[in-house]
Amino acid sequence: MARRIDVIGAGGVRLAAWEFGDPPKTGTDPAESTAQGAPGVLLLHGLMGRASHWASTARWLSARYRAVALDQRGHGRSDKPPRAAFTRDAYVDDAEAALEQLGLGPSVLIGHAMGALTAWQLAAKRPDLVRGLVICDMRASALGGASQREWAEWFKAWPVPFATLADVRKWFGEDDPWVERPNPARGEFYAEVMAESPDGWRPVFDPEQMLRSRETWVFDAHWEELAQVRCPTLVVRGLDGALGRAEAQEMVRVLPHGQYAEVADAGHLVHYDQPEAWRAAIEPFLDALSRP
């Protein structure tokens with residue numbers, strides 16, 4: 001099961017955090033469950049994602065950890081204020097607030113794509129709150145203006161509203177021009193971020209807010225912050241993902257305590273494409289963190 005806990009992020013934005021596993025005993029403050037012996041893990045989704053994308057991972061983690069997934073600002077069930085900041089600082093400050101308000105630190109951070117960038121920026125800023133880090137398919141190099149323009153055009157190409165969830169799955173899994181071959185997992189991923197409206201199915205996020213979020217990182221490289229991460233860090237890439245092998249291995253070299261893992265038959269959505277192989281890739285790293 002997943003239990004919602006509200007967190008107040010930067011600028012007063014209300015964020016939805018989801019704790020997986022058995023709830024604490026009646027009358028127990030959520031922040032006290034870590035003190036009962038379970039180390040904390042905070043899971044951060046990527047751009048357009050939501051906490052529920054981590055459900056499979058969080059469920060097996062909850063057997064040994066206090067596993068919490070955060071709907072980041074503008075995503076999932078968290079607030080989407082029109083005038084809110086969607087800067088790197090805002091996302092990092094939100095994750096910092098979640099760790100502190102939930103009493104999770106020092107925690108392991110597991111981030112996918114944008115969530116991974118947030119995780120390593122927070123690890124560089126607050127090493128006292130982060131004892132381990134898993135970076136899933138996120139590049140440290142700048143992507144550039146062309147990438148941002150491609151994304152803007154891609155959002156315009158979405159045939160919204162979708163008549164049914166089956167149409168969502170088919171378009172994102174087969175018909176989307178960005179899909180090289182049928183990918184049912186991708187279709188399911190996007191079905192998870194749709195909500196029914198009077199005229200059909202639409203995304204739970206505002207595409208303009210997603211573009212505003214993205215423009216705060218695509219023009220810059222993030223190697224310097226990566227080099228400031230002092231905790232053990234695992235860089236994971238899908239064989240057909242956005243992060244190339246050469247760049248991933250350079251990231252490992254730059255990290256003071258970097259390690260590398262690769263998941264075959266997976267694209268960008270590594271944890272969603274291949275959940276069992278994803279678990280096999282990260283579980284030994286997590287086990288090693290738990291040893292004295």
Side-chain angles (χ1 to χ4, degrees), residues 1-20 43-59 68-87 90-91 94 98 112-115 118 147-179 182-216 267-269 271-273:
M1 65 173 295
R3 184 172 62 98
R4 175 172 172 163
I5 306 170
D6 284 342
V7 170
I8 303 302
V13 174
R14 184 180 56 85
L15 307 172
W18 302 89
E19 181 169 2
F20 290 77
L43 300 118
L44 299 171
H45 61 73
L47 190 73
M48 301 181 294
R50 64 187 306 174
S52 58
H53 283 140
W54 289 114
S56 174
T57 299
R59 288 192 185 105
V68 178
L70 182 68
D71 276 335
Q72 296 172 82
R73 60 177 52 215
H75 296 76
R77 298 285 185 86
S78 289
D79 283 352
K80 306 166 181 67
R83 294 179 178 82
F86 288 91
T87 62
Y91 278 104
D94 286 349
H112 173 246
M114 179 192 74
T118 299
S147 173
Q148 188 72 350
R149 290 190 294 273
E150 288 170 1
W151 273 69
E153 291 302 314
W154 179 57
F155 277 130
K156 292 177 183 176
W158 291 18
V160 291
F162 294 92
T164 67
L165 277 181
D167 291 326
V168 174
R169 294 185 182 98
K170 185 175 187 300
W171 196 82
F172 287 101
E174 300 178 25
D175 300 339
D176 183 349
W178 284 14
V179 175
N183 186 339
R186 189 175 187 270
E188 292 293 340
F189 183 94
Y190 283 97
E192 187 76 11
V193 295
M194 296 289 163
E196 192 171 15
S197 60
D199 61 350
W201 292 82
R202 295 178 177 274
V204 298
F205 52 79
D206 179 349
E208 285 302 317
Q209 289 185 349
M210 298 301 98
L211 288 172
R212 283 165 55 195
S213 298
R214 197 173 184 272
E215 71 183 5
T216 65
H268 178 57
L269 307 174
H271 58 299
Y272 221 75
D273 284 346

Roughly how far apart are [X] [atom1] and [Y] [atom2], rounded to 0.5 Å?
X: Glu215; Y: Gln148; atom1: CD; atom2: CD; value: 6.0 Å
X: Leu43; Y: Leu70; atom1: CG; atom2: CG; value: 10.0 Å
X: Met114; Y: Tyr91; atom1: CE; atom2: OH; value: 4.5 Å

Exercise: identify the closest heavy-atom pair between [X] and [Y]:
X: Ala90; Y: Ala85; answer: CB-O, 3.7 Å
X: Asp199; Y: Ser197; answer: OD1-OG, 2.8 Å
X: Gly9; Y: Asp94; answer: CA-OD1, 3.3 Å
X: Ala157; Y: Trp171; answer: O-CZ2, 3.7 Å
X: Leu165; Y: Ala191; answer: CD2-O, 3.9 Å
X: Pro207; Y: Phe205; answer: CD-O, 3.5 Å

*asked:* Taking the side chain as everything from C-beta on, heavy atoms only, tell me whether Phe155 gets closer than 4.5 Å to Glu208.
replied: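 Of all side-chain heavy-atom pairs linking Glu208 with Phe155, none is under 4.5 Å.
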*Do the side chains of Asp273 and Asn183 get nearer than 4.5 Å, heavy atoms only?*
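Answer yes - side chains close enough.
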Keeping the roles fixed (side chain from [X], backbone from [Y]), state whether a donor-acceptor pair exists under 3.5 Å.
X: Arg186; Y: Leu269; answer: no
X: Arg3; Y: Glu19; answer: no
X: His45; Y: Ser52; answer: no

*Among residues two or more places apart or on two chains, list those pairs meeting salt bridge (Lys or Arg N to Asp or Glu O under 4.0 Å) that have a residue in residues 152-165.*
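Of all non-adjacent pairs touching residues 152-165, those that pass salt bridge (Lys or Arg N to Asp or Glu O under 4.0 Å) are Glu153-Lys156.
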*Quick one: which residue pairs count as a salt bridge (Lys or Arg N to Asp or Glu O under 4.0 Å) with a foot in residues 158-169, not counting sequence neighbours?*
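Those involving residues 158-169 are Arg169-Glu188.
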Contacts of [X] that satisfy ring pair (Phe, Tyr, Trp, His ring centres under 6.0 Å) - sequence neighbours left out:
X: Trp54; answer: His271
X: Tyr272; answer: His53, Phe189
X: Phe86; answer: none

*Arg50: partners by salt bridge (Lys or Arg N to Asp or Glu O under 4.0 Å), with sequence neighbours left out*: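 Partners of Arg50 by the salt bridge (Lys or Arg N to Asp or Glu O under 4.0 Å) criterion come out as none, since no residue qualifies.
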*Who passes salt bridge (Lys or Arg N to Asp or Glu O under 4.0 Å) against Asp71, sequence neighbours left out?*
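Per chain and number, Asp71 pairs via salt bridge (Lys or Arg N to Asp or Glu O under 4.0 Å) with no residue.
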_Pairs satisfying side chain to side chain donor-acceptor pair (under 3.5 Å), at least one member in residues 74-84, at least two apart_ =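 Every pair satisfying side chain to side chain donor-acceptor pair (under 3.5 Å) with a residue in residues 74-84: Arg14-Asp79.
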_If you apply the rule side chain to side chain contact (heavy atoms under 4.5 Å, CB included), what do you find for Leu44 with Gln72, and how did you get there?_
CA-CA 8 Å; Leu44 299 171; Gln72 296 172 82; 4.0 Å; yes
Among all residues two or more places apart in sequence or in another chain, which pass the side-chain hydrogen bond (donor to acceptor under 3.5 Å, both in side chains) test with [X]?
X: Ser147; value: Arg214
X: Arg59; value: none
X: Asp6; value: Arg4
X: Trp154; value: Asp176

*Applying the side-chain contact (heavy atoms from CB on, under 4.5 Å) test to Phe162, which of Lys170, Arg202, Met194 qualifies?*
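Output: one option passes, namely Met194.
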*Begin with the C-alpha distance, continue with both residues' side-chain angles, and end with the deciding distance and a verdict on side chain to side chain contact (heavy atoms under 4.5 Å, CB included) for Leu47 and Trp151.*
CA-CA 12 Å; Leu47 190 73; Trp151 273 69; 3.7 Å; yes
